[in-house]
4 protein chains.
Amino acid sequence: MSGSVNKVILIGNLGRDPEVRRLNSGEPVVNLRVATTESWRDKATGERKEKTEWHSVVIFNEGLARIAEQYLRKGSKVYIEGQLQTRKYNDQQGVEKYSTEIVLQRYRGEMTLLDSRGGGAPAAEGGRDYAGADFGAASPMERRPAPAAAGSKFSSSDMDDDIPF
Amino acid sequence: MSGSVNKVILIGNLGRDPEVRRLNSGEPVVNLRVATTESWRDKATGERKEKTEWHSVVIFNEGLARIAEQYLRKGSKVYIEGQLQTRKYNDQQGVEKYSTEIVLQRYRGEMTLLDSRGGGAPAAEGGRDYAGADFGAASPMERRPAPAAAGSKFSSSDMDDDIPF
Amino acid sequence: MSGSVNKVILIGNLGRDPEVRRLNSGEPVVNLRVATTESWRDKATGERKEKTEWHSVVIFNEGLARIAEQYLRKGSKVYIEGQLQTRKYNDQQGVEKYSTEIVLQRYRGEMTLLDSRGGGAPAAEGGRDYAGADFGAASPMERRPAPAAAGSKFSSSDMDDDIPF
Amino acid sequence: MSGSVNKVILIGNLGRDPEVRRLNSGEPVVNLRVATTESWRDKATGERKEKTEWHSVVIFNEGLARIAEQYLRKGSKVYIEGQLQTRKYNDQQGVEKYSTEIVLQRYRGEMTLLDSRGGGAPAAEGGRDYAGADFGAASPMERRPAPAAAGSKFSSSDMDDDIPF
DNA sequence: TTTT
DNA sequence: TTTT
């Protein structure tokens, strides 16, 4: 049945590089840690305040997982559309806990890179991808966001593309 | 490229039965006329006011088009997710005009029936499914929303289903 | 700062009556338990499957809290727009836990009743407002959704209304 | 009545500088022309294709209009949330026409700047705000996006702020 | 842990 | 008319 809708829309920044696990089939499953920040002026004190919320995103959508793996880095700004899912698990002490995640299922969800050049990692020339960022030292790595990925959009219907752009 | 998002989310009622055209392939393309109504209290006069906006929806998504054809009727309440598209055309007098539509492309978009009993067609007892609307009398018709369709949800990933529920 | 977006859109049904707490000021804060259900056909077995996700919604928005208190009941279908927020707490055993909620802050968020007759409470004839749900028997209660509330929409800008319709 | 939702979410780039009209009260009303671009691979030919859609946005929300006036420029990337509205008008020849716009009403809608430094206009030092952009020569102007505006988010609840950040 |  |  259902007549129901379960949709999350986020625009935020990655707190760290994507974590990639791989299924037996070789398909990547990607976990992202995304920060959204709200700021407002306190009416009583007049101070500007700010609160950051952290979101766990899990990408099962194969095409989007590959793109996340290749083009997202710590600091990247991204648009994410998925659905809420809460799963129960037992921590190391065997205590029952719950984790709520934004999930992009197979063939579902959307993701769009919003950085000018597709990532927060330092550009080849050692420069900064976008001004004003202060995401610390992104460690050197081979898998670099390709300039061509800048601002590209991907959705679940790109599944059939070997290369998404 | 793009880094862009173009998304429309509507919850509204059909002003008339769906219009179904058929491609050479036999696939249905469905046009809906959807009303959304906003109401508010006028601060100056204290009166309650109300404004209805009409939206043209075009469903190319094959699975959703079939469902719209079968289960939506004048008065049906529906959740629609599509994208904005403006097309130019010439009217009967040859005057150039523009029409902006909410489009559900092939393999894209979402649609969910929100009626309690699966349709806006007159209930068995001849009543109305929802109050306050003024779409006129819903004419009798053979193709009735099946009770089983009530509150069902369909998305672009249901494409492979012969029957969606 | 921010350049960020944190938005959740739900259409679902209440698993129980709203829980109302009251601030010292007398303002209600309402907790909802909302179910969204997804169904799909298993490709391997051909079976129809279904999964229900439960969401915790907290309404600080005064106007919407009052409406939720008055017009929502177990079984009610509702459109909710809020933001994700995760809070840490210690359970009875003092174990640190996290809870992720959909929050409608003061002056923010949206809520729309989607029931035909304004609530999930048993209809006059003792029937159910929507099929396929399994929330158990809705207990009799005095505070009934008023018929006039059916399908009404409320947003954060209705704050100034003593009565929202 | 209603039970309806009318929501548009766009992420796109401004095709030209914002157009500002002023009400008798001095409040600005801002018109934006926003492009969203979709790209996909043609299955038959294997070619990459691209289609741009243009959207007319009208900002009546006073706070957001001021921000748009000050910080948006041709080329700016922006997140917009508003509602669809179609209005009838007569063109110069007296022909009746319709225009569909995304409207951010007073106290409603959202807008977030997504540029690294808050605009597509050339930076003070004559450089480019973000790589890969080709928005032509942005004419010199006094009203420059302040660096401080970069990636700032504003919503209808910032109304009470003299300065939004 | 991000971003401003 | 933007963006890649």
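Letters A, B, ... are given to chains in the order of the sequence lines, protein chains preceding strands, and every chain is numbered from 1.
- Across E/dT2, F/dT1, E/dT1, the shortest atom-to-atom separation from the side chain of D/R16 is found for F/dT1.
- We find that CG of A/L114 is positioned 20 Å from P of F/dT2, with the value rounded to whole Å.
- Rounded to a whole Å, the CG atom of A/L14 is 14 Å from the P atom of E/dT4.
- Judged by distance alone with a 3.5 Å cut-off, a donor-acceptor contact links the side chain of D/T52 to the base of F/dT2.
- In this structure, D/D17 places its CG atom 11 Å from C1' of F/dT1, rounding to the nearest Å.
- The nearest whole Å value for the distance from the CD atom in A/E19 to the C1' atom in E/dT2 is 14 Å.
- Taking atom NZ of residue A/K51 and atom C1' of nucleotide E/dT1, one finds them 16 Å apart after rounding to whole Å.
- Remark: P of E/dT4 and CG of D/L113 are 13 Å apart, rounded to the nearest angstrom.
- For D/E50, taking side-chain heavy atoms from C-beta onward, the closest of the listed nucleotides F/dT4, E/dT1, F/dT1 is F/dT4.
- Ranking F/dT1, F/dT2, E/dT2 by closeness to the A/K74 side chain, first place goes to E/dT2.
- With a 6.0 Å radius and a threshold of 12 heavy atoms from other residues, nucleotides or ligands, A/K51 has its NZ atom above the threshold.
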A/I102 vs A/I80, side-chain contact (heavy atoms from CB on, under 4.5 Å): CA-CA, chis, key distance, verdict: CA-CA 9 Å; A/I102 292 94; A/I80 293 274; 4.1 Å; yes
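- Following rounding to the nearest Å, A/E38 (CD) and E/dT2 (P) show an atom-to-atom distance of 19 Å.
- Separating the CZ atom in D/R87 from the CD atom in D/E101 is a distance of 4.0 Å, to the nearest 0.5 Å.
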Verdict with reasoning, D/L72 to D/L113, per side-chain contact (heavy atoms from CB on, under 4.5 Å): CA-CA 8 Å; D/L72 294 183; D/L113 282 66; 3.9 Å; yes
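- You'll find that the side chain of A/W54 is closest to E/dT1, out of E/dT1, F/dT4, F/dT2.
- One interatomic measurement links the two molecules: CG of D/L32 to P of F/dT1, which rounds to 18 Å at whole-angstrom precision.
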